[in-house]
Amino acid sequence: MRSITAIIIRNLKNFYRDKLRFFSNILMGVLFLFIFSFVMKSAAIGMANPINYLISGIIIMSVFQTALNNCMNIIEDIASGFMREILVAPISRWQISIGQILSASAIALLQGIIMVIIGLFMGLQIDALHFIEMIGVMILVGIAFSSIGLYLATVAKNSTTFQVLVFIFVMPLTFLSGAYIPTTAMPHFLLPLVYINPLTYTTSLFRYISLKMEGLSAAQLIEAGVAFDIQGVVIMPSFGLAMIAVVGVLFLALCVSRFNKADFSAVRVFEHHH
Amino acid sequence: MGHIIEVSNFTKKYGDFAAVNDISFTVEEGTIFGFLGPNGAGKSTTINTLCTILDKTEGRLTINGYDVAREKAKVRDEIGIVFQESTLDGKLTVEENIKLHCDFYLVPKNEVRDRINFVLELVDLQKWQRAPVESLSGGMKRRVEIARGLAHSPRVLFLDEPTAGLDPQTRATIWNYIKKLQEQSGLTVFLTTHNMEEAEICQKVAIIDHGRLVAFDAPFNLKQEYTSSAMRIRTTRRAALRDYLGRHDISSHNEDGMFIVDSIPLDAMLEIIASFRESITDLEINKGTLNEVFLAVTGREVRD
């Protein structure tokens with residue numbers, strides 16, 4: 001436990017001290033909020049509150065992206081040599097991966113909270129209970145996608161490959177999730193892709209909470225793009241919760257077991273000349 | 001004192017290639033042990049296996065009685081490692097790096113502060129404890145690494161090329177710290193080095209070449225066995241000495257009235273000194289160097 005906490009604190013310190021990254025992260029969030037919510041406003045026409053609708057989608061997307069991107073830390077640690085210090089310490093591999101996942105999630109949550117605060121100035125209206133629920137979802141999303149990020153990082157082993165992987169992974173998933181472009185405004189041939197995208201349900205769950213849609217009927221939810229009628233089967237926002245939980249647990253397990261076996265010989269431990 | 005490190009019949013293969021081939025040696029507790037060899041000889045493979053990073057193919061390796069293959073966590077508690085390349089976190093301060101290390105090695109929380117002070121004092125870096133590591137010079141970073149490697153009170157400190165890439169003055173400082181450490185704390189130091197002059201501080205050295213152990217003894221004994229001494233002697237009885245050297249088939253040349261013998265066994269040297277004792281006005285004896293030992297046992301220079 002102490003080693004995990006130590007890894008988390010160290011990663012948070014590094015994040016905080018890397019001022020450039022810290023501010024560029026926040027700046028990116030603000031830009032996304034402004035640009036997308038104003039540019040895409042027309043796409044959300046017909047929604048009761050288009051700006052709020054987009055803001056909540058953008059908030060959860062930035063949590064998701066921050067979680068993924070922060071796993072690049074581990075590649076930097078491998079490159080800088082610091083990873084060797086951790087690998088030769090009497091710490092289990094699973095502790096290292098949990099520490100990495102939790103710190104990336106914490107940073108993602110922080111990013112999400114900053115976005116919520118900015119969102120408040122832009123007209124987002126939430127109360128304490130919803131805020132707590134949103135935090136809960138952000139934590140889940142953070143853990144699930146940090147696990148995916150760490151998994152990708154152990155596969156990629158260098159930052160260029162990692163960024164390419166994340167890009168390939170992130171672009172279609174975010175744009176087909178309804179976060180930026182409401183699913184109700186998408187062409188019909190894209191809908192099957194939207195439906196198989198786990199992020200779709202993450203976004204809809206987050207919207208359902210942040211836009212206080214508890215009182216709405218299934219038909220209204222479908223119209224608002226937070227519930228889906230897939231050939232007569234209605235998928236409610238609560239499915240999103242199950243979805244993140246499943247994806248999260250699956251990748252957490254996958255990532256920890258991969259990390260356990262990962263060959264860090266790319267982490268050049270002492271010089272090898274063969 | 002007992003053997004803190006025991007390596008017997010250790011072999012490590014990569015496919016069919018044996019990086020290390022059936023080597024055995026021991027390291028006595030509280031000594032400085034030098035592991036020498038050209039690049040690619042199997043040094044790194046051996047040290048990595050001892051540090052539990054690599055798995056052996058065959059043989060038995062123990063540190064303080066713990067098997068490096070089966071009791072990795074215990075072995076890791078017993079050892080401190082200073083890698084050739086930095087493994088510090090540049091963004092953290094000196095103190096934070098060591099504190100983090102203490103957390104990883106579960107140093108009791110109430111002892112952490114004392115340990116940090118103690119190890120920083122060893123390497124004279126108390127004043128720098130709040131400096132970010134990335135702001136330090138190469139030599140200071142190496143000292144931080146040594147301090148950090150000792151923070152959990154290991155019994156053995158592994159140093160891989162501890163002075164590589166440092167300027168001569170910094171090298172000397174680092175060696176002073178290493179010597180001081182070993183003398184004061186009874187720590188066992190296991191080091192690899194390219195620099196044969198630096199290896200002179202070791203109580204015992206092992207030389208490895210092509211995966212095989214080619215020499216294992218105290219530097220002094222190795223020099224005795226593999227090299228001969230050079231002698232420069234000045235005497236008032238020059239003709240007699242010339243005769244003597246000629247009679248004993250000892251080749252020499254003369255420079256400014258000084259006889260220079262490039263290679264001479266110990267007993268022959270002692271005999272000359274005994275015979276010419278009263279007439280000797282100046283005498284200089286140069287023992288062979290570890291470099292020559294290295295050349296003799298491996299057939300090549302250490303850097304090639």
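Each chain gets a letter, A, B and so on, in the order its sequence line appears, and its residues count up from 1.
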What residue in B:L92, B:D77, B:T52 has the most heavy-atom pairs under 4.5 Å with chain A?
B:L92
Flag the pair A:F251 / A:F145 as yes when their ring centroid distance falls below 6.0 Å, and as no otherwise.
no
Distance-only side-chain donor-acceptor flag, A:N14 / B:D89, under 3.5 Å
yes
Candidate list B:N48, B:V20, B:T46, test side-chain contact (heavy atoms from CB on, under 4.5 Å), partner B:L54, passing option
B:N48
Can you say whether B:S86 sits under 4.5 Å from chain A via the side chain, the backbone, both, or neither, judging by heavy atoms?
backbone
Which atoms of B:H152 come close to chain A, meaning under 4.5 Å heavy atom to heavy atom: side chain ones, backbone ones, both, or neither?
neither
For a quick check under 3.5 Å, do B:D209 and B:T298 share a side-chain donor-acceptor pair by atom type?
no
Begin from the C-alpha positions of B:D160 and B:T192 and carry the test side chain to side chain donor-acceptor pair (under 3.5 Å) through to its verdict.
CA-CA 5 Å; B:D160 190 30; B:T192 70; 2.5 Å; yes
Before giving the answer on side chain to side chain donor-acceptor pair (under 3.5 Å), spell out for A:R84 and B:T87 the whole-Å C-alpha distance, their side-chain angles and the decisive distance to 0.1 Å.
CA-CA 6 Å; A:R84 279 177 289 181; B:T87 65; over 6 Å; no
Region of B:K109 in contact with chain A, defined by heavy-atom distances below 4.5 Å
both
Under 4.5 Å from any heavy atom of chain A, what part of B:L106 do you find: side chain, backbone, both or neither?
both
Check each atom of B:E161 against the heavy atoms of chain A and say whether the ones under 4.5 Å are side chain, backbone, both or neither.
neither
Please rank A:K13, A:Q95, A:R10 by heavy-atom pairs under 4.5 Å with chain B and give me the top one.
A:R10
Region of B:L88 that comes under 4.5 Å of a non-hydrogen atom in chain A
backbone
